[in-house]
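Notes for the one structure printed next.
Note on naming: letters A, B, ... go to the chains in the order of the sequence lines (proteins, then strands), and numbering restarts at 1 for each one.
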Number of protein chains: 2
Amino acid sequence: MSRPQEFDTSEALYQALGVFWRKGYEATSLTELLTATGLSKSSLYATFGSKRELFMAAFDTYRQDRARAAHHVLEQGPVRPAIDAFFHQLFANVNDAEPAFGCMSINQAVELAPHDAEVRQRVVQDLQSMENLLTRTIERGQQSGALTSPRPARDLAKLLVLAFPGLQVMARAGYSTQQLNDSLQLLLSHLDG
Amino acid sequence: MSRPQEFDTSEALYQALGVFWRKGYEATSLTELLTATGLSKSSLYATFGSKRELFMAAFDTYRQDRARAAHHVLEQGPVRPAIDAFFHQLFANVNDAEPAFGCMSINQAVELAPHDAEVRQRVVQDLQSMENLLTRTIERGQQSGALTSPRPARDLAKLLVLAFPGLQVMARAGYSTQQLNDSLQLLLSHLDG
DNA sequence: TCAATTTTGGACCGATGAGTCCGTAATTAC
DNA sequence: GTAATTACGGACTCATCGGTCCAAAATTGA
């Protein structure tokens, strides 16, 4: 009955996400979004509504993907490598040209959260989920003997969550992989002893 | 010989700083800067050159003030209250209407640093200064017996620097003073034991 | 008082921001 | 083939962006 859509909506969303993730909300122009998605202006507006709606859709896509990945990494296998891998996602760079993107939720905690309740709520939720997930993982490690710290698992998880944005900041400030790894090992050493 | 300037340059700079601190670079418009400083456009450009130059001047003013304050707080008096006070500067809110501004250097690590070498360099320098200063303070605490952790002072300092942006993110995400304080105490508990 | 100098307000600029709209092309069901 | 429907490109709007420029007002030293 109707002409079929020529582009892949999901694909376009991911392309837009890439730009928002790297540059943030304000610094991203419509023109860049059109270039990245390959859509025409009318298609983009018909599909996503507005810049802000597109941003929120992209952000939620990101959050969903990351949550899934975090569960996948943390809820199976030996605890210590799992936690290590979890943090490595943070500064695994797509291309080595520029600093890592870091975590988009943390980026948005800084950029939009203070002035935007919807974003703020999402950031809080992400931090909370991360704490819960890490708590379960650390409990698992303590039970298996892989982690020897006698502190409550939740306290240790809180410490990791607290340090998470620090690693992100270092990554975005251009610290080397070596330095990031050193900091990470230092942090994780607090899971023992 | 010449007509004297009607406004206080330094005062105007501080007003501009307030806006940049709260909203970041991109989200701050010239119009807002004019309103905040009370200057006319020509005066602002004659005095500060451009939006970017004004930003950098404001940023450097901020960094200088903060460094001075940090030294003042950390280099005298009992170590533990000193460190406590140091972190409290982070979420001491000017007015309780909105979330705390946090640390401008951290904000800029997220917003501009990835794409702007000049900003990046300043951020790295700030993190480094902070680590050095905290190292000295912790050493002092270990010598006086106020801090009982056997870990190297520099390692403990690195942990605090790593957690610093985390507290900032929580502050900007709207966490309560109570929650921030709990996290801070949890963090500082690692200075003992 | 007058000349020299400098600040100041506001008009003005081109570029770009996000967003709207419509004519045209393409695809489908019948 | 044709009618109905939808996607698409691009022209268009209006506001705001950062930034320039100039004429007028104000203050100073002499």
Side-chain angles (χ1 to χ4, degrees), chain A residues 1-61 107-108 111-112 115-119, chain B residues 1-61 107-108 111-112 115-119:
Chain A
M1 198 178 195
S2 80
R3 177 179 170 186
Q5 205 177 45
E6 282 184 8
F7 58 89
D8 181 341
T9 304
S10 165
E11 176 61 27
L13 192 57
Y14 272 99
Q15 294 305 322
L17 167 57
V19 186
F20 280 132
W21 189 356
R22 181 160 41 93
K23 310 193 58 171
Y25 181 79
E26 294 288 349
T28 297
S29 72
L30 234 340
T31 309
E32 285 173 288
L33 292 170
L34 297 180
T35 305
T37 58
L39 299 192
S40 71
K41 213 173 230 189
S42 47
S43 298
L44 187 138
Y45 273 89
T47 310
F48 299 109
S50 67
K51 181 185 175 185
R52 174 155 220 283
E53 288 174 87
L54 173 55
F55 172 82
M56 291 304 272
F59 189 23
D60 281 338
T61 298
N107 293 346
Q108 288 312 314
E111 185 188 3
L112 295 187
H115 320 290
D116 186 322
E118 283 184 64
V119 172
Chain B
M1 197 180 196
S2 79
R3 178 180 168 184
Q5 204 176 47
E6 282 185 6
F7 59 88
D8 181 340
T9 303
S10 164
E11 175 62 25
L13 190 57
Y14 272 99
Q15 294 304 323
L17 167 57
V19 186
F20 280 132
W21 189 356
R22 180 159 42 93
K23 309 196 57 172
Y25 182 79
E26 294 288 348
T28 297
S29 73
L30 233 340
T31 308
E32 285 173 289
L33 292 170
L34 297 181
T35 305
T37 58
L39 299 192
S40 73
K41 214 173 230 190
S42 47
S43 298
L44 186 139
Y45 273 88
T47 310
F48 299 108
S50 67
K51 181 186 174 184
R52 173 156 220 283
E53 289 174 88
L54 173 55
F55 172 81
M56 291 305 271
F59 189 22
D60 281 339
T61 298
N107 294 345
Q108 288 312 314
E111 185 187 3
L112 295 186
H115 321 289
D116 186 323
E118 283 184 65
V119 172

Handout entry: Atom-to-atom span, NZ of B/Lys51 to C1' of D/dT20 - whole angstrom
Key = 17 Å
Problem - Sequence-aligned protein contact record of nucleotides 10-15 of chain D, with B where the base is within under 4.0 Å of a protein heavy atom and S where only the sugar-phosphate is - result: B-----
Problem - Least distance between heavy atoms, B/Lys23 atom then B/Glu32 atom - result: NZ-OE2, 2.8 Å
Problem - Rounded distance (nearest 0.5 Å) linking atom CH2 of B/Trp21 with atom OG1 of B/Thr28 - result: 13.5 Å
Practice task
For the pair A/Phe55 and A/Phe20, name the ring-plane relationship: parallel under 30°, tilted 30 to 60°, perpendicular over 60°.
Solution key: perpendicular
Problem - A/Val119 vs A/Met56, side chain to side chain contact (heavy atoms under 4.5 Å, CB included): CA-CA, chis, key distance, verdict - result: CA-CA 8 Å; A/Val119 172; A/Met56 291 304 272; 4.1 Å; yes
Exercise for the section: Provide, to the nearest angstrom, the distance between the CG atom belonging to A/Leu44 and the C1' atom belonging to C/dC21. Expected result: 16 Å
Problem - A/Leu13 side chain reached by A/Leu54 side chain, heavy atoms, under 4.5 Å - result: yes
Fill in the blank from the handout: Rounded to whole Å, the OH-P distance (B/Tyr45 to C/dG9) equals 16 Å
Handout entry: d(CG, A/Leu39; P, D/dC8) in whole Å
Key = 8 Å
Exercise for the section: Quickly work out the B/Glu53 CD to D/dG18 C1' distance and round it to whole Å. Expected result: 13 Å
Problem - Partner set under salt bridge (charged side-chain N to carboxylate O under 4.0 Å, His left out) for B/Lys51, not counting sequence neighbours - result: none
Handout entry: Side-chain touch B/His115/A/Arg22, heavy atoms, less than 4.5 angstrom
Key = yes
Practice task
Establish, with yes or no, whether the OP1 or OP2 oxygen of C/dT8 is under 4.0 angstrom from a side-chain nitrogen or oxygen of B/Ser43.
Solution key: yes
Practice task
Take atom CZ of B/Phe7 and atom C1' of C/dG9, then tell me their distance rounded to the nearest Å.
Solution key: 13 Å
Problem - side chain to side chain contact (heavy atoms under 4.5 Å, CB included) between B/Leu44 and B/Leu30, worked out - result: CA-CA 10 Å; B/Leu44 186 139; B/Leu30 233 340; 4.2 Å; yes
Exercise for the section: Output the residues of residues 24-36 of chain A in contact with DNA chain C, where contact means a heavy atom of the residue under 4.0 Å from an atom of the strand; sort by number or write none. Expected result: A/Thr28, A/Ser29, A/Leu30, A/Thr31
